[in-house]
Amino acid sequence: MQQYSSIIINQPLLSSKPNEKTINENFSTKSEIIQRSQSPTPLRSLNRIPQKLEIQPTKPSHTLTLGDNSVLSLVCSYKYLFSGSQDPYIRVWNLSAFQQIKTLRGHTGGILCLYLSGDYTMLFSSSGDETVRVWNTETLNCLYVIQSSHDVGDLFSVVYSDPLETLYIGCQNTSIQQFDLSTKEKYRSLNSPLLVKSSNENEDAETAKFCAEISYIPKYDDDNDIPRYEIDETMVYWNSHNGYVYALLLGNNKDGEILISGSGDGDVKIWSIEKNSMNLLQILKGTDAGVLTFALHEDLLFCGTQGGDIKIYDLETYQHIRTLVVHEDDVLTLAISDHNLYSGSADGTIKLSSHSRWLISGANDQLIKFWSLPVLFNDQESMDTSTADVMLYALSKWVSLRTVSGNVKNFEECLRGAKFLKSIFEQLGAEAFLLPGAPGQNPLVFGKFLGIKDNKLATATRKVQKTFNILVYGHYDVVNAEEEGWLSNPFEMFGKDGYLYGRGVTDNKGPMLAAIFAANELQQEKGLKVNVSFLIEGEEENGSEGFYNVVDNSKELIGEADVIFISNSYWYCDEIPCLNYGLRGVIRATIEISSSKSDVHSGMEGGAVSEPLNDMIRVLAKLVSNDNHILIPGFYDKVRPVTEYEEKLYEPIVGLCARQTHDKNPKDLKHLLMSRWRHPSLTIHKIDVSGPNNVTVIPRSAKATVSMRIVPDQDLEEIASNFMQYVELIFNELKTDNTITITINNLADWWLGDPENRFFKATEEAVKQEWGIKPLYVREGGSIPAVRWLEKKFNAVAVNLPMGQASDQAHLINERIRLQNLYNGKNIFKNLFRKLSENTAAT
């Protein structure tokens, strides 16, 4: 059973004060359990504000894993999520990409509480090692350590008053201690902190249930340079409660700031606080159920208790006004936002009373989860949605559409996917059209962002300025995916450890949306001075069936293109960005050998008939030699030799490989890469036979699927023709009674770019600007049928900008893309469009 030890809401509260009706309606005892939902119905609108104010089931939109340690504490700034767990480390997560960027070390016990100063510049962490550490949230360095002069046990809670510059600490020894940071130098200490012991022999059942065992960790050597301060005995309020002080909370009353404390004794105490003093104002008597957590909204105090109840007090009258019977086990954490209460319990559930936006939870399942919750606003202006949020929202909706090409049963879903993309273009301010193909073929989507014309430049030069035209090519269709083996439904995007998972997130829906939103952002900033067009097809995974005819028929609408960008490849590894300058072409063929007879029994006819499968094996055996040399006459005649310049492009890649694989020498690695990327190949994929697939049957026909990967400067049509003639020649030599049929199913030409042209160089600069490192120049053994054809059709060069990593699993189970790659990819396209806008204006 999961125990939720920490929940935070990443959203400010509304300021209106709730009345009694609000309490009854919003904080109803009938709470909703957050659980996984079915795949969402795709919406055409990018506006995430629901039309109806209703509670909807939800799911975690992103999950972070923490190994073997339960999550004990969380706190969230504008940029980072800080998490504390049973081990002595504070993990720092980037909130935009959900990547761990640093581990804060220093504590020697579990991190029981985290708290941020009001200006988010300081992080306070309390621990089972009896210390509080203060961290700079920008540099992520420890500023100093605060410790008690006595054995106080675990420090369960810590809060900081910005006006008083004072820290308040709730302790296991029932004391509350305070420390004034403005006078800290008076209390400089040379004593080392007490180290945590692994034994918990003296702990009672209450502590054992609330906190897991914390292991002994030695003190860090570099702690010697960190200042330490000791809490003065006059600032220790002994026996503040008759139990461990689990919870502290700051608030205000008519007289000033107050401190609220909760304990295992069941009482809630209200303290007035001033500089270097605190005085008890009121005791809110409880029951035997200890108070473990607080939430405050206006004058309503919510107390999560042992046993599962939430007690509500009115701080104006100090009256207990209600008890919510919510959970079956201890309420370990509370959060409140927009008049809505969220509670996490040791019973493994998170419950909410109404609606909100974003919830972050941590539990003893070693996970941090980000929950996508319904939104409730009375006016749309209250919602501040970033472009990145909208992009991810659009991607999740697009992924939920099963745009699988090559199967007629998916045609309607593909059409919905195309219309959804068209709607995205229109909502982002672009012109958009559906370009229909032949009956049964998925339409193309054409979108165009118009650049701002530079009228000042035109006036100065007295010339009509020709607008530079960029064409981005991609596809919205995907290969099919079955749920077996996936971490979740492949058509329901979800996030884990900084990656988005789902069919199409990297191939090719994610990269296309990144480029689209890049153009939109630049247009909104009035920096787009070039036209950026998008030609996104729905049959790429099906050999671009019908693509060429549609483009030919729509050439007037599409207009001119001065450069073509694609983003449909992957890095060579997971660490270094790449630019792709070459793709092999492909010829896919089918060979079928048939008998005029029906399937026969081998015991009756074996040896008396010409067997198609035997003939097929003889034919296929003569396509490639024992040393993998392709035997088709003239096959290698036009293969372009390796140049010295090309050899140099392989050197940094080979160097990287040599560091990663110690069992290969550079020469072997280079040969391996060239075999994959720039040398031709022939592959026999499968052989199918007729009949019942019974071991005693001689099939009447055998069908083999063969492909050839071709490279510069092989001629596509010539190789296909030579292949057919050669197979016919081999077959005729067999003197068989069977017949042969050879079919060329698909042709896609090779593509080779020039890494020295100005567009590759501009892209290289944009990649380096974003990632801080020069990209590797790589080729790829696969094929994108449309690239070279588009170059010829528009008389423009193409640049392939891979966005995903080598481990993205395109076409495979658990396809994914790293959020950082998606965001950086968008920024690269944006900077590239800006750079080309500036260069065009300059010329």
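Atom set for the values below is all heavy atoms of this structure, side chains included, hydrogens, waters and symmetry mates excluded.
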task: Evaluate the side chain to side chain donor-acceptor pair (under 3.5 Å) criterion for residues Asn814 and Gln809: first the C-alpha distance (whole Å), next the side-chain angles of each, then the deciding distance (0.1 Å), finally the verdict.
output: CA-CA 6 Å; Asn814 295 320; Gln809 296 281 98; over 6 Å; no
message: Apply side chain to side chain donor-acceptor pair (under 3.5 Å) to residues Ser96 and Asn94 and explain how you reach the verdict.
response: CA-CA 6 Å; Ser96 62; Asn94 183 313; 2.5 Å; yes
task: May I have the step-by-step check of side chain to side chain contact (heavy atoms under 4.5 Å, CB included) for Lys529 and Phe468, ending in yes or no?
output: CA-CA 8 Å; Lys529 298 180 181 178; Phe468 191 82; over 6 Å; no
Verdict with reasoning, Cys578 to Leu776, per side chain to side chain contact (heavy atoms under 4.5 Å, CB included): CA-CA 5 Å; Cys578 300; Leu776 297 173; 4.0 Å; yes
query: Would Trp751 and Trp789 satisfy ring pair (Phe, Tyr, Trp, His ring centres under 6.0 Å), going step by step from the backbone distance to the final call?
result: CA-CA 9 Å; Trp751 168 71; Trp789 185 87; over 10 Å; no
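Ala786 approaches Phe547 most closely through the heavy-atom pair CB-CE2, 3.5 Å. Across Arg588 and Ser707, no two heavy atoms sit closer than the pair CG-CB, 4.2 Å. Minimum heavy-atom separation, Glu541 to Ser405: CB-OG, 3.7 Å. Taking each heavy atom of Ile813 and Gly485 in turn, the nearest pair found is CD1-O, 3.7 Å.
Residues satisfying the ring-ring contact (aromatic ring centres under 6.0 Å, His included) criterion with Trp486, sequence neighbours excluded, are absent altogether. For Phe534, the ring-ring contact (aromatic ring centres under 6.0 Å, His included) partners are Phe425, not counting sequence neighbours. With sequence neighbours left out, Arg402 forms a side chain to side chain contact (heavy atoms under 4.5 Å, CB included) with Glu413, Asn489, Phe491. By the ring-ring contact (aromatic ring centres under 6.0 Å, His included) test, Phe433 is found to be paired with no residue, residues two or more places apart in sequence or in another chain being considered. In this structure Gln523 satisfies the side chain to side chain contact (heavy atoms under 4.5 Å, CB included) test together with Phe449, Leu528, sequence neighbours excluded. Looking at residues two or more places apart in sequence or on another chain, you find a ring-ring contact (aromatic ring centres under 6.0 Å, His included) between Phe833 and Phe829. For Asp713, the side chain to side chain contact (heavy atoms under 4.5 Å, CB included) partners at least two apart in sequence or on another chain are Arg640, Trp750. A search for side chain to side chain contact (heavy atoms under 4.5 Å, CB included) contacts involving Ser701 returns Glu592, Ser594, Ser690, not counting sequence neighbours.
With hydrogens and angles disregarded, no donor-acceptor distance shorter than 3.5 Å links the side chain of Arg700 to the backbone of Gly691. Between the side chain of Asn520 and the backbone N or O of Ile516, no donor-acceptor pair lies under 3.5 Å. With hydrogens and angles disregarded, no donor-acceptor distance shorter than 3.5 Å links the side chain of Gln524 to the backbone of Glu521. In this structure, Thr763 contributes its side chain and Phe759 its backbone to a donor-acceptor pair below 3.5 Å. Listed for the Asn800 side chain is no donor-acceptor partner under 3.5 Å among the backbone atoms of Leu579. In this structure a side-chain-to-backbone donor-acceptor pair under 3.5 Å is present from Ser554 to Val550. No donor-acceptor distance shorter than 3.5 angstrom exists from the side chain of Thr467 to the backbone of Asn531, with no hydrogens or angles considered.
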Please set out all donor-acceptor pairs under 3.5 angstrom arising from side-chain atoms of residues 493-501, sequence neighbours excluded.
residue : atom : partner : partner atom : Å
Asp497  : OD1  : Thr65   : N            : 2.7
Asp497  : OD1  : Thr65   : OG1          : 3.1
Asp497  : OD2  : Thr65   : OG1          : 2.7
Tyr499  : OH   : Gln805  : OE1          : 3.0
Tyr501  : OH   : Arg816  : NH1          : 3.3

Atom pairs and distances, side-chain donor-acceptor, residues 503-515, under 3.5 Å, sequence neighbours left out:
residue : atom : partner : partner atom : Å
Arg503  : NE   : Val479  : O            : 3.1
Arg503  : NH1  : Leu812  : O            : 3.0
Arg503  : NH1  : Glu815  : OE1          : 2.7
Arg503  : NH2  : Asn480  : O            : 3.4
Arg503  : NH2  : Leu812  : O            : 3.3
Thr506  : OG1  : Asp808  : OD2          : 2.8
Asp507  : OD1  : His475  : NE2          : 2.9
Asp507  : OD2  : His811  : NE2          : 2.9
Asn508  : OD1  : His475  : N            : 3.2
Asn508  : ND2  : Ser567  : O            : 2.6
Lys509  : NZ   : Trp398  : O            : 2.9
Lys509  : NZ   : Leu401  : O            : 3.2
Lys509  : NZ   : Thr403  : OG1          : 2.9

Distance-only donor-acceptor pairs under 3.5 Å for side chains of residues 436-448, two or more places apart:
residue : atom : partner : partner atom : Å
Gln441  : OE1  : Ala438  : N            : 3.2
Asn442  : ND2  : Gly538  : O            : 2.8
Asn442  : ND2  : Glu539  : OE2          : 3.4

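Interatomic distance, Tyr570 OH to Ile817 CD1, rounded to the nearest 0.5 Å: 8.0 Å. Atoms OG and CG, on Ser544 and Asp477 in that order, are 8.0 Å from each other to the nearest 0.5 Å. Here CZ of Phe517 is found 9.0 Å from CG of Leu392. Values are rounded to the nearest 0.5 Å. Between Glu770 atom CD and Ile828 atom CD1 the span is 5.5 Å, to the nearest 0.5 Å.
Salt-bridge formation is detected for the pair Lys792/Asp749: a Lys NZ or Arg NE/NH1/NH2 atom is positioned less than 4.0 Å from an Asp or Glu carboxylate oxygen. Between Arg416 and Glu412 there is no salt bridge, since none of the side-chain N atoms of the basic residue sits less than 4.0 Å from a carboxylate O of the acidic one. Under the 4.0 Å criterion applied to side-chain N and carboxylate O atoms, Glu780 and Arg676 are not assigned as salt-bridge partners.
A heavy-atom distance below 4.5 Å is not found between the side chains of Val706 and Thr590.
Summarising the local packing, CD of Glu482 is surrounded by 12 or fewer heavy atoms from other residues, nucleotides or ligands at distances under 6.0 Å.
Here Trp677 and Tyr572 bring their ring centres to under 6.0 angstrom of each other.
For residues 542-562, the pairs satisfying salt bridge (charged side-chain N to carboxylate O under 4.0 Å, His left out) are Lys466-Glu560, Lys466-Asp562, Asp552-Lys793, with sequence neighbours left out.
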